[in-house]
A.B. asks: 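This is the structure I want to talk about, given as structure tokens.
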Amino acid sequence: PAAEGAAGGATAAPTPAGNAGSSQPHPTPARSAAEVAAAAPPRLLFRAPGVGPFHPSTSVLQAIHAAALQAAERDEQGDGHEDGDGHEDGEGTGPGLWERTHTLEYGITPKGQPLPAPPPSSGGAALLSLEETTDTAEALAALGSVERRAALGDVLPALRGKLCDRESAASVSDATRSILTVISVLHTVSTSASRIIKLGKVDDAKMTAALSLPSDAFLSSKLAGKMVRQLQDTLALCSGSLPTWCTTLARACPFLFPFEVRQQLFYCTTFGLARALHRMHGQSQDNNGGGGGRDLRVGRLQRQKVRVSRQRILESAMKVYEMPGVHKMVLEVEFFNEVGTGTGPTLEFYTLMSKEVTQRALKAWRDAPVDGEVGPADGFVNAPHGLFPAPVSAKDFEAAVPGAPGGIKRADLFRMLGRAVGKALQDGRLLDLALSPVFYRAVSGRTLALDDLAEVDPELGRTLEQLSTAAKQIDELKKSGAAEKEWRAVTVGGAAVEDMCLTFTLPGDDAFELTPGGAEVTVTAENLGDYVAAVVDASVGGGIARQLDAFRGGLADILPPATFGMFTEPEIDRMLCGQGQAWTPELLGENMTYDHGYNAQSPPIKALVEVMCGYGPEEQRAFLRFVTGAPRLPPGGLAALQPRLTVVCKQPSGAAGGAAGTGSQPLSSGTTLADTDLPSAMTCASYLKMPPYSCVEVLKERLGYAITEGIGSFDLS
């Protein structure tokens with residue numbers, strides 16, 4: 001029977017059995033690997049002639065490819081071939097491999113024998129060892145100040161000759177590595193020109209403009225074409241034999257490929273074979289119009305159905321993402337006492353959860369005043385420049401937030417949010433979460449500095465920039481041997497530093513001390529630079545490090561956080577939250593389907609197109625949420641919406657079963673009998689059931705009422 005979670009109001013359906021490796025006992029500090037293997041039940045494992053046994057997660061095609069590689073290696077050693085040219089035309093691992101019959105054997109593992117290693121991933125971001133991570137951190141620290149680390153951090157791997165990970169470095173020639181290094185350095189100089197120039201104590205706008213190149217200047221159409229062809233090779237994906245250059249180049253120099261190509265690589269190599277095949281299947285149906293060509297048949301993905309309370313969304317979400325099966329299966333959500341199920345309610349859940357995590361009571365985000373006033377405690381934060389974590393001390397981070405729903409801790413909130421982001425990407429759902437680009441930058445592992453803080457809080461950034469300029473001026477005077485009276489005369493906006501009455505506390509939060517006893521430490525000309533550095537560190541450095549670690553930890557349960565490095569911040573937001581789009585009659589005509597009496601020339605359809613083209617951003621969001629469950633469109637806009645937006649004629653309640661309207665005109669041409677009815681929608685099918693209103697004014701009023709008042713429940717219509 002289903003097990004109801006009383007705390008979160010979530011009900012989980014019984015979890016189907018996972019893969020063959022799911023019952024393997026997990027090692028604990030008190031048990032060695034040998035003890036775990038001895039306690040494990042016997043397993044049925046497959047092997048191929050001369051190689052194996054294989055891990056239970058190995059696919060049949062991966063096993064065949066591994067056996068072919070082993071056979072080719074033996075033949076090369078026996079024949080004295082070093083280049084393997086004799087096996088490229090079908091005898092080794094070439095296309096001919098899939099035209100032959102292969103034999104796989106199976107048997108029970110001897111008791112006490114540990115499981116073999118799982119097959120290597122063909123695309124996920126390579127995990128760095130502790131030694132590599134430490135080495136990278138030390139090299140970054142050697143750059144010096146936080147401004148230097150933020151400006152030059154992206155170019156550091158290229159300058160150190162470590163653009164490629166250890167697994168890929170062996171297959172990259174010295175000439176290729178040199179070319180990639182030069183291109184990577186040029187790209188960093190172009191995209192970070194203003195920061196790099198400022199390191200030289202100048203701020204030359206003309207020089208910045210001269211160094212900054214358009215974003216498409218580094219695109220390679222030939223490499224992009226080759227990548228697309230590789231990703232269309234189903235057998236290469238299934239056998240794990242995708243060429244290493246695909247992932248190596250995408251991680252080292254993502255700017256060489258268009259966003260759509262990197263997005264395809266991400267989905268084909270990050271979430272496993274089953275999801276990659278499902279995505280390819282969906283794309284092949286779109287390209288072939290649902291038929292024709294070679295049919296790619298794939299099995300149905302396992303689903304985890306949960307039921308949540310609409311009144312306790314946040315507590316339910318915390319419970320849902322703790323379920324073990326939800327990280328692997330497709331999540332489907334239903335609401336208590338509502339009949340809706342499938343994609344629509346699931347998207348509604350993500351939308352509601354996105355709103356709830358911004359509650360002011362959680363004290364998790366920076367909150368900008370509105371007209372100089374802080375909003376009500378039971379409201380939602382105001383983040384005009386995107387959501388960004390508010391600084392918090394270690395003690396408060398692990399403690400329950402007073403007044404927060406369910407006594408939620410910030411640590412649990414950010415961990416859950418990381419899982420929600422990963423799960424949304426994994427299942428192809430959309431969040432309605434306006435995270436700051438600086439937040440994505442931090443999650444990707446980049447160092448943040450004053451320029452980044454200015455993006456999050458422009459007013460504070462401008463003030464700190466003035467203080468930083470004064471601090472640098474004081475330092476220069478000291479180094480030049482100027483008298484104390486001279487450097488103490490440096491002012492900020494015409495005021496002496498001491499006259500500003502600043503203390504070592506976080507601006508806007510006097511309870512957050514930047515140093516022990518900071519409330520009693522006055523900012524002076526001597527420590528002004530230290531004050532600026534402390535505020536920057538608390539705001540975008542150490543003060544938010546715990547939140548970022550918790551978010552990355554939750555994200556890592558679904559996907560490697562390093563994969564975010566393949567995308568820019570706007571691209572991550574586009575993948576995660578979709579995009580807006582200006583609607584035109586031509587665009588709507590190309591991407592809408594009509595049925596049940598409607599066609600493109602029906603007067604109600606023409607009126608609908610006119611109304612939709614007149615929608616502003618908020619009205620567009622309300623319409624999309626009413627029809628699809630999500631307030632934004634997926635990447636690619638209306639053309640990428642699946643299922644396709646469909647509008648059908650809804651029989652007027654005032655029509656007594658007749659198909660005719662006024663005179664000989666059908667009802668679908670418009671009738672006053674429909675003017676009191678409201679439209680309804682099937683969100684799972686992007687299906688709008690619209691009565692044939694008599695005029696555009698009535699349609700606008702009725703549809704507007706429905707999209708603003710009809711989004712609180714899923715009911716029968």
Side-chain angles (χ1 to χ4, degrees), residues 128 130-163 181-182 184-204 207-208 211-212 391 438 441-456 460-482 487 490 492 497 504 506 514-515 518 523-546 548-549 562 565:
L128 296 178
L130 178 60
E131 180 182 353
E132 290 174 312
T133 302
T134 303
D135 178 61
T136 302
E138 291 177 350
L140 187 62
L143 290 176
S145 67
V146 66
E147 287 81 9
R148 292 177 62 84
R149 299 200 301 271
L152 302 175
D154 286 348
V155 80
L156 193 59
L159 296 178
R160 301 179 68 224
K162 296 189 176 183
L163 269 177
T181 297
V182 172
S184 180
V185 171
L186 288 176
H187 180 264
T188 301
V189 170
S190 173
T191 55
S192 304
S194 61
R195 293 194 182 206
I196 295 175
I197 291 172
K198 286 174 68 175
L199 294 178
K201 301 177 183 179
V202 294
D203 192 0
D204 191 329
M207 187 182 298
T208 299
L211 289 175
S212 300
V438 181
R441 201 173 302 154
V443 171
S444 300
R446 295 177 59 183
T447 303
L448 304 183
L450 178 54
D451 287 344
D452 302 288
L453 176 55
E455 290 186 46
V456 175
L460 177 60
R462 286 191 294 269
T463 300
L464 291 178
E465 186 66 43
Q466 291 179 329
L467 296 177
S468 178
T469 301
K472 292 176 181 177
Q473 186 178 354
I474 292 172
D475 288 341
E476 289 296 326
L477 290 173
K478 286 183 177 180
K479 291 178 181 178
S480 65
W487 56 260
V490 173
V492 180
V497 176
F504 271 73
L506 189 67
L514 301 175
T515 60
V523 178
T524 64
E526 290 97 330
N527 59 20
L528 180 59
D530 296 335
Y531 171 76
V532 173
V535 173
V536 172
D537 180 66
S539 300
V540 295
I544 64 164
R546 300 174 188 86
L548 292 175
D549 288 343

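These numbers come from the heavy atoms of this one structure, side chains and all, not from hydrogens, waters or symmetry mates.
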A.B. asks: Arg446 side chain to Arg441 main-chain N or O, any donor-acceptor pair under 3.5 Å?
C.D. replies: no
A.B. asks: Could you check whether any side-chain N or O of Thr188 sits under 3.5 Å from a backbone N or O of Ser184, counting only pairs where one atom can act as donor and the other as acceptor?
C.D. replies: yes
A.B. asks: Which heavy-atom pair separates Ser468 from Leu450 by the least distance, and what is that distance?
C.D. replies: CB-CD2, 4.3 Å
A.B. asks: Under a 4.5 Å cut-off applied to non-hydrogen side-chain atoms, are Leu514 and Val535 in contact?
C.D. replies: yes
A.B. asks: So, for Thr181 and Ala158, which heavy atoms are closest and what is the spacing to 0.1 Å?
C.D. replies: CG2-O, 3.3 Å
A.B. asks: Roughly how far, to the nearest 0.5 Å, is CG of Leu156 from CG of Leu140?
C.D. replies: 6.5 Å
A.B. asks: Search all heavy atoms of Leu528 against all heavy atoms of Ala471 and return the closest pair with its distance.
C.D. replies: CD2-N, 3.8 Å
A.B. asks: Roughly how far, to the nearest 0.5 Å, is CG of Asp154 from OG of Ser444?
C.D. replies: 9.5 Å
A.B. asks: Rounded to the nearest 0.5 Å, what's the gap from OG on Ser192 to NE2 on His187? Could you check?
C.D. replies: 8.5 Å
A.B. asks: Heavy atoms only: give me the nearest Leu506-Ser539 pair and the separation to one decimal.
C.D. replies: CD1-OG, 3.8 Å
A.B. asks: Can you measure from CD1 (Ile544) to CZ (Arg546) and round to the nearest 0.5 angstrom?
C.D. replies: 11.0 Å
A.B. asks: Go through the steps to decide whether Leu186 and Val189 satisfy the test side chain to side chain contact (heavy atoms under 4.5 Å, CB included), and finish with yes or no.
C.D. replies: CA-CA 5 Å; Leu186 288 176; Val189 170; 5.7 Å; no
A.B. asks: Measure the CD1-CZ distance between Ile196 and Arg148 for me, rounded to the nearest 0.5 Å.
C.D. replies: 10.5 Å
A.B. asks: What's the shortest heavy-atom distance between Arg195 and Ala150, and which atoms?
C.D. replies: NH1-CB, 3.5 Å
A.B. asks: Drop me the distance from Arg149's CZ to Leu143's CG, to the nearest 0.5 angstrom.
C.D. replies: 8.0 Å
A.B. asks: Do Asp451 and Lys198 sit within salt-bridge range, that is, some charged N less than 4.0 Å from a carboxylate O?
C.D. replies: yes
A.B. asks: With a 4.5 Å cut-off on side-chain heavy atoms, are Val146 and Thr447 touching?
C.D. replies: yes
A.B. asks: For residues Leu199 and Leu152, determine if any side-chain heavy atom of one lies less than 4.5 Å from a side-chain heavy atom of the other.
C.D. replies: yes
A.B. asks: Could you tell me which non-hydrogen atom of Leu464 sits nearest to which non-hydrogen atom of Val532, and how far apart they are?
C.D. replies: O-CG1, 4.2 Å
